[in-house]
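A note on names: the letters A, B, ... follow the listed sequences, proteins ahead of strands, and every chain is numbered from 1.
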Protein chains: 2
Amino acid sequence: MADSNRSDPHPLTVERIVDAACLIIERDGLSGLSMRKLGTELGVDPMAVYHHVAHKRELLALVTKRTIGTMTPLDPSAPWEVRVRQWAIRYWDLVVAHRELTLAGLADPEIAAGGRPSTEPLIAAVAESGLPTDLIEPNAFLVVDAVHGSALAVGSLDRHDTGGHVDLRAAFDNGIDTILAGITLLADAESERTTRP
Amino acid sequence: MADSNRSDPHPLTVERIVDAACLIIERDGLSGLSMRKLGTELGVDPMAVYHHVAHKRELLALVTKRTIGTMTPLDPSAPWEVRVRQWAIRYWDLVVAHRELTLAGLADPEIAAGGRPSTEPLIAAVAESGLPTDLIEPNAFLVVDAVHGSALAVGSLDRHDTGGHVDLRAAFDNGIDTILAGITLLADAESERTTRP
DNA sequence: ACCTGAACACCGTTCAAGT
DNA sequence: ACCTGAACACCGTTCAAGT
């Protein structure tokens with residue numbers, strides 16, 4: 001009963017709360033995370049968490065921020081096609097690994113506001129293709145949307161008769177082939193237009 | 001008090017239940033639909049619904065089925081590029097109009113099992129491009145995924161600084177341009193390969 | 001056969017009370 | 001300043017009881 005004021009194992013910081021939330025999500029899924037369970041997991045009154053986080057959506061925004069932060073940056077020396085594919089595959093892996101959180105972010109802007117993948121490197125890579133400027137953003141978003149659509153379809157029991165993830169990843173890679181081919185064709189048409197007046 | 005056995009206004013069929021569910025979803029959003037509110041809306045004990053529908057997910061599967069059924073078929077005489085775009089735009093409109101339901105379907109296979117958009121006409125259109133057979137399905141799924149990604153991003157407050165929906169629809173149309181260009185290029189490469197051995 | 005209503009095991013969130 | 005615990009207003013679902 002002596003040193004209870006040393007360094008209380010109870011500082012209950014936002015960081016520890018997010019740690020615990022990520023742990024529960026990884027273990028029980030996002031639907032298994034409740035504010036009450038979170039308190040219990042932290043060895044604290046279920047409602048204590050509300051002193052550090054305004055509400056559940058803010059907590060999920062913080063979880064999103066941390067999750068997005070784990071995406072590794074692109075290889076800047078690679079040609080633009082390689083960088084686009086790199087970005088797409090890496091984000092695909094991230095979304096597949098955090099499907100429920102991505103869905104929650106698409107359903108609630110406050111959760112999504114916690115963090116989005118940084119699209120600047122992707123946009124920069126697409127820009128290098130030579131596409132007219134007004135088509136750069138739409139084509140970058142096409143990549144983002146294809147990632148979301150494909151990665152969120154994982155586990156929809158539709159498609160893939162046999163091997164599951166692997167098939168879908170390969171199919172997604174084919175999709176990137178098509179997008180890159182399309183960007184190349186449209187960029188060539190543009191350079192044709194501008195070089196000979 | 002006489003004719004209470006004529007034709008009781010209480011037959012409470014599955015159809016009437018789905019009607020009411022769609023009405024509530026349209027009015028209050030999917031998050032505004034509860035089994036209890038549904039019963040009240042039908043002028044019946046909240047729990048009576050469970051006599052006709054096993055659980056909420058089955059109800060949402062039925063709602064999905066009805067919603068999917070509203071997609072109009074393609075114009076079969078149009079060239080394949082036009083049919084692909086037609087399919088994409090029509091499905092895009094449907095998903096935008098039923099974002100929450102689509103998200104619920106992506107989160108829960110039992111809900112999605114209620115109905116998916118019929119991809120056969122889309123696959124048939126893509127097949128006409130001349131793409132090698134093993135690339136037909138992946139490219140059709142690319143279209144489906146691009147629709148999901150783009151339509152679900154509507155309302156994410158990201159993108160579109162100005163005009164909202166209209167911009168995103170136009171950007172999506174640009175995305176379809178790229179996909180069609182990509183398919184064309186890959187199909188040409190294939191015909192090159194097969195005609196001259 | 002179909003509807004009722006109490007009950008169970010949960011939710012997120014608020015707020016007065018404690019230390 | 002921070003934590004507690006009762007309370008509020010909900011959920012989906014089960015089940016014995018009614019008609």
K.L.:
Nearest-Å distance, CE (B:Met47) to C1' (C:dC2)?
P.N.:
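About 15 Å, once rounded to whole Å.
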K.L.:
State the CZ-CD distance between B:Arg83 and B:Gln86, to the nearest 0.5 angstrom.
P.N.:
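So the gap between those two atoms works out to 9.0 Å.
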K.L.:
When rounded to the nearest Å, what value does the distance between P atoms of C:dA9 and D:dA9 take?
P.N.:
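To the nearest whole Å, 23 Å.
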K.L.:
Without decimals, in angstroms, what is the distance between B:Ile111 CD1 and D:dG12 P?
P.N.:
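So the two atoms are 12 Å apart, to the nearest Å.
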K.L.:
Just checking A:Glu128: does its CD atom have more than 12 heavy atoms from other residues, nucleotides or ligands closer to it than 6.0 angstrom?
P.N.:
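Counting other residues, nucleotides and ligands, CD of A:Glu128 exceeds 12 neighbours.
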K.L.:
Under a 3.5 Å cutoff on both atom distances, Watson-Crick or G-U, what's the dot-bracket for DNA chain C ([ ] crossing, | other strand)?
P.N.:
||.|||||...|||||.||
K.L.:
Under a 4.5 Å side-chain heavy-atom rule over Ile, Leu, Val, Met, Phe, Trp and Tyr, are B:Leu180 and A:Ile179 clustered together?
P.N.:
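Yes, same cluster.
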K.L.:
Ignoring hydrogens, what is the shortest heavy-atom contact between A:Ala151 and A:Val96? Give both atom names and the distance.
P.N.:
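Taking A:Ala151 first and A:Val96 second, the nearest heavy atoms are CB-CG2, 3.7 Å.
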K.L.:
Return the value, rounded to whole Å, for the distance between atom CG of A:Leu38 and atom P of C:dG12.
P.N.:
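After rounding, the gap between these two atoms is 10 Å.
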K.L.:
Taking only N and O in the side chain of B:His55, is any of them less than 4.0 Å away from OP1 or OP2 of D:dT14?
P.N.:
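So the side chain of B:His55 is outside the cut-off, no N or O lying under 4.0 Å from OP1 or OP2 of D:dT14.
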K.L.:
What integer distance in Å separates A:Met35:CE from D:dC8:P?
P.N.:
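Roughly 21 Å, once rounded to whole Å.
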K.L.:
How far apart are the C-alpha atoms of A:Lys56 and A:Asp108, what are their side-chain angles, what is the distance that settles it, and do they pass the salt bridge (charged side-chain N to carboxylate O under 4.0 Å, His left out) test?
P.N.:
CA-CA 12 Å; A:Lys56 195 180 185 180; A:Asp108 186 338; over 6 Å; no
K.L.:
Nearest whole angstrom, please: distance from the P of D:dA1 to the NE2 of A:His52.
P.N.:
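Checked: the NE2 to P distance equals 13 Å.
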K.L.:
Whole angstroms only, please: what is the CG-P distance between A:Leu12 and D:dA1?
P.N.:
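After rounding, the reported distance stands at 17 Å.
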K.L.:
Among the candidates D:dT13, C:dC3, C:dG12, find the nucleotide nearest to the side-chain atoms of A:Tyr50.
P.N.:
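So the nucleotide nearest the side chain must be C:dG12.
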K.L.:
Please give, in whole Å, the distance from D:dA1 P to A:His51 NE2?
P.N.:
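Checked: the NE2 to P distance equals 10 Å.
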K.L.:
What's touching nucleotides 16-19 of chain D from the protein side, N or O pairs under 3.5 Å?
P.N.:
none

K.L.:
Between A:Lys37 and A:Ala54, name the one whose nearest nucleotide on DNA chain C is closer to the 5' end.
P.N.:
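Its nearest nucleotide being more 5', the pick is A:Lys37.
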K.L.:
Hey, which sits more toward the 5' end of DNA chain D by its nearest nucleotide, A:Pro46 or A:Arg36?
P.N.:
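Nearest-nucleotide comparison on DNA chain D picks A:Pro46.
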K.L.:
Would B:Leu38 and B:Val53 show up in the same hydrophobic cluster when neighbours are defined by side-chain heavy atoms closer than 4.5 Å?
P.N.:
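In one cluster with B:Leu38: B:Val53, yes.
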K.L.:
Ignoring hydrogens, what is the shortest heavy-atom contact between B:Ala171 and A:Pro138? Give both atom names and the distance.
P.N.:
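Distance-wise, the nearest heavy atoms are O-CB, 4.1 Å.
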K.L.:
Quickly work out the A:Asp45 CG to C:dC15 C1' distance and round it to whole Å.
P.N.:
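Computing the A:Asp45:CG to C:dC15:C1' distance gives 13 Å.
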K.L.:
Between A:Asp45 and A:Arg36, is there a side-chain N and carboxylate O pair less than 4.0 Å apart?
P.N.:
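Here A:Asp45 does not pair with A:Arg36 in a salt bridge, since their nearest N and O are not under 4.0 Å apart.
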K.L.:
Return the orientation label for the A:His148 and A:Tyr91 ring planes: parallel under 30°, perpendicular over 60°, tilted otherwise.
P.N.:
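Ring orientation, 0 to 90° scale: perpendicular.
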